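This report refers to the structure that appears directly beneath it.
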Amino acid sequence: MSQPEPLTRLIDQLQRLPGIGRKSAQRLAFHILKAPREAADLLCDAVRDVKDKITNCSICHNVTDADPCPLCTDESRN
């Protein structure tokens, strides 16, 4: 039985994540499919926020939402 194209696309994209094989991607896709629309929207928003707002600190290379990060700008640290 073939799957609808949007479901196949979601499985293919999830499978590209590290450590996620075909079966895990299918389980995740069906979980997202069965979840309320609001849960899927929250997941989409979280992924977009990470891509839009998170970067690496130019000094220590830690992940941060400010560059340089709070640790590098803390004057009480040496």
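Quantities reported herein were computed from a predicted structural model and do not represent experimental measurements.
- Residues meeting the side-chain contact (heavy atoms from CB on, under 4.5 Å) test with Leu42, sequence neighbours left out: none.
- Shown here for Ala29 and Leu14, the closest heavy-atom pair between the two residues is N-CD1, 3.7 Å.
- For Arg16, the side chain to side chain donor-acceptor pair (under 3.5 Å) criterion is met by no residue, not counting sequence neighbours.
- Residue pairs meeting the side chain to side chain donor-acceptor pair (under 3.5 Å) criterion with at least one member in residues 17-36, sequence neighbours excluded, are Asp12-Arg22, Gln15-Arg22, Ser24-Arg27.
- Take Ala40 and apply the side-chain contact (heavy atoms from CB on, under 4.5 Å) test, not counting sequence neighbours, and it matches Ile32.
- Residues in residues 48-66 take part in these side chain to side chain donor-acceptor pair (under 3.5 Å) pairs, two or more places apart or across chains: Ser58-Asp67.
- Residue Ile11 holds its CD1 atom at 5.5 Å from CZ of Phe30, rounded to the nearest 0.5 Å.
- Nearest approach of Pro68 to Cys72, heavy atoms of both residues: CB-CB, 4.1 Å.
- In this structure, CG in Leu7 is found 10.5 Å from CZ in Arg9, a value given to the nearest 0.5 Å.
- Among residues two or more places apart in sequence or in another chain, the salt bridge (charged side-chain N to carboxylate O under 4.0 Å, His left out) test is passed with Glu75 by none.
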